[in-house]
Amino acid sequence: MAAVSATDIISIIRSEIENFDADFEAKETGEVISVGDGIARIYGIDHAQYGEVVVFDNGVKAMVQDIKEHEIGVVLFGRDFGIHEGSRVARTGKRAGIPTGDAFLGRVINALGEPIDGKGDIKEDEYRPVEHEAPGIIDRQSVDTPLETGILAIDSMFPIGRGQRELIIGDRQTGKTSIATDTILNQKGKNVICIYAAIGQKASTVARVVENLKKFGAMDYSIVLAATASDPVADQYIAPYAATAMAEHFMNQGRDVLIVYDDLSKHAVAYRTISLLLGRSPGREAYPGDVFYLHSRLLERCAKLSDAKGGGSITALPIIETQDGDVSAYIPTNVISITDGQIFLETKLFFEGQRPAVNVGLSVSRVGGAAQTKAMKKASGTIRIDLAQYRELEVFTQFSSDLDETTKAQLDHGNALMELLKQPLNHPLSMADQVITLVLAQEKYFDDVDRSKVKKLQLDTISFIRDNAADVVNEIEEKKELTDEIKQRIIDTAKKYKASR
Ligand code: ATP
Ligand code: MG
């Protein structure tokens with residue numbers, strides 16, 4: 001071996017110095033310091049980004065949620081079996097994402113987009129980041145097309161437009177989920193893709209929803225994304241964002257999407273759990289300070305896009321569970337202020353048999369009126385005011401027996417309206433059926449009927465009109481208008497039916 005001369009050594013050292021890379025290499029792997037409660041702390045990863053996905057040596061993935069000087073905190077998308085102190089963790093350089101596409105219709109998936117219905121792999125059209133910027137002001141337009149729920153109490157008084165965010169709020173077991181699923185059933189044949197995102201629900205509840213959607217043929221145009229109460233808290237946290245990312249894919253193609261977040265109270269709780277475990281300081285009701293942003297950045301992504309952007313839309317029906325009807329608690333007030341209105345469901349009404357238990361006084365839709373069809377607008381007329389008067393009268397006439405004729409008539413009318421607003425599950429009413437009902441209600445057609453017979457008379461009259469004046473129904477459905485002539489024909493046909501009974 002030839003001896004290395006001093007000049008050689010100098011030249012080697014010189015080239016080393018010249019080629020020295022001043023950027024020290026960022027370490028892409030680290031080690032677990034501690035793990036538990038779905039959270040791991042990791043030492044040694046230098047350049048992790050907030051929201052980045054990391055992988056453990058056993059394949060479990062996690063998301064970076066906390067960055068400190070010498071360590072990072074991650075939330076696990078899986079069980080912590082096989083992860084222990086010293087386990088290796090690697091950066092992926094990618095943010096959490098979800099596959100999406102038409103092949104997902106009819107499927108049940110978890111928060112990572114993996115099928116959980118046992119029907120095999122799903123081929124995606126696109127892989128989208130779970131978190132995404134909301135469309136800007138220029139890229140949006142006002143709502144102009146109705147999203148019909150098929151529920152008379154909502155479509156007549158609190159109409160929802162495509163691209164609107166309407167909150168469904170109420171105590172436990174007041175029919176919140178039912179309103180959302182009935183709305184999904186009513187989208188059949190209306191070219192709306194429905195996504196039901198279950199967050200922190202019992203697996204059995206989600207299974208029941210899926211069964212119901214299947215039974216009524218609604219799964220064909222729906223996707224169910226489930227992060228149940230037994231899933232890791234990280235899955236529950238990203239579930240609504242993941243569902244929205246899937247929806248954005250369709251909206252960007254100019255299609256209309258309806259998305260149900262069931263429910264955001266449990267989502268806030270999942271986020272609170274993560275924050276507390278990561279040692280963030282708790283604020284009001286122990287939620288972290290940025291809990292408003294949690295839901296505002298989610299719901300801002302639901303929009304009606306401008307025609308230049310294809311005109312697609314995402315309509316959101318977030319659900320919030322209240323405690324003892326308290327709408328002024330922290331999370332309810334937050335979400336009320338973010339949405340364009342709320343459907344308030346009341347326990348008292350629910351137990352009185354008034355189902356859906358929509359409280360007419362406290363519910364509102366701030367933008368949907370612009371999207372209501374002319375026919376509905378004309379037919380719904382004064383129903384809200386009539387109901388408000390009825391409620392006032394009801395209170396102070398409870399104890400008096402001899403009422404004057406006008407008061408009595410108002411009460412009868414109110415009673416009939418309340419009866420008409422009752423609607424059984426899985427029985428959405430078409431727009432024409434709702435218009436017919438409202439026209440007849442305004443004519444006081446139901447007022448002289450015994451309260452228990454109103455519902456039957458309504459349905460019988462509708463089917464009589466459908467059989468004997470089908471063109472009336474067709475014209476309302478096609479032109480979406482209610483001319484005086486059509487109105488008169490509805491009234492005449494109905495009266496004929498009533499007389500013939
Ligand atoms: P939870 O707080 O448990 O999520 P929820 O508010 O979502 O409950 P649902 O599960 O929709 O309520 O409904 C509760 C019960 O009320 C169900 O058994 C359902 O069948 C019944 N129900 C809901 N709406 C109606 C209705 N319009 N007519 C008759 N029954 C109804
Ligand atoms: Mg529910």
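For ligands, and for the atoms within them, numbers begin at 1 and follow the listed sequence. Source: prediction; values computed, not measured. When a residue number appears, it is its place in the shown sequence, counting from 1.
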Flag if over 12 foreign heavy atoms under 6.0 Å of NZ, K377: yes

Atoms of ligand 1 close to R172 [distance to a heavy atom under 4.0 angstrom, numbered from 1]: 2 (O)

From CG (L277) to CG (D66), nearest 0.5 Å: 11.0 Å

Side-chain heavy-atom pair V192, V257 within 4.5 angstrom cut-off: no

Ligand 1 atoms in contact with T177 (distance to a heavy atom under 4.0 Å): 4 (O), 5 (P), 7 (O), 11 (O)

Per-atom contacts of ligand 1 with P356, taking only distances under 4.0 Å to non-hydrogen atoms: 27 (N)

Any non-hydrogen protein atom less than 4.0 Å away from atom 18 (O) of ligand 1: no

Enumerated ligand 1 atoms positioned under 4.0 Å from heavy atoms of Q423: 26 (C), 27 (N), 28 (N)

Q201 near the Mg ion (ligand 2) via N/O/S, less than 2.8 Å: no

Atom 31 (C) of ligand 1 protein-contacted, heavy-atom criterion under 4.0 angstrom: yes

Value rounded to 0.5 Å, distance of CD in E321 from CG in D262: 9.5 Å

Inter- and intrachain pairs under salt bridge (Lys or Arg N to Asp or Glu O under 4.0 Å), touching residues 354-375, at least two apart: none

Distance-only donor-acceptor check, side chains E166 and Q164, under 3.5 Å: yes

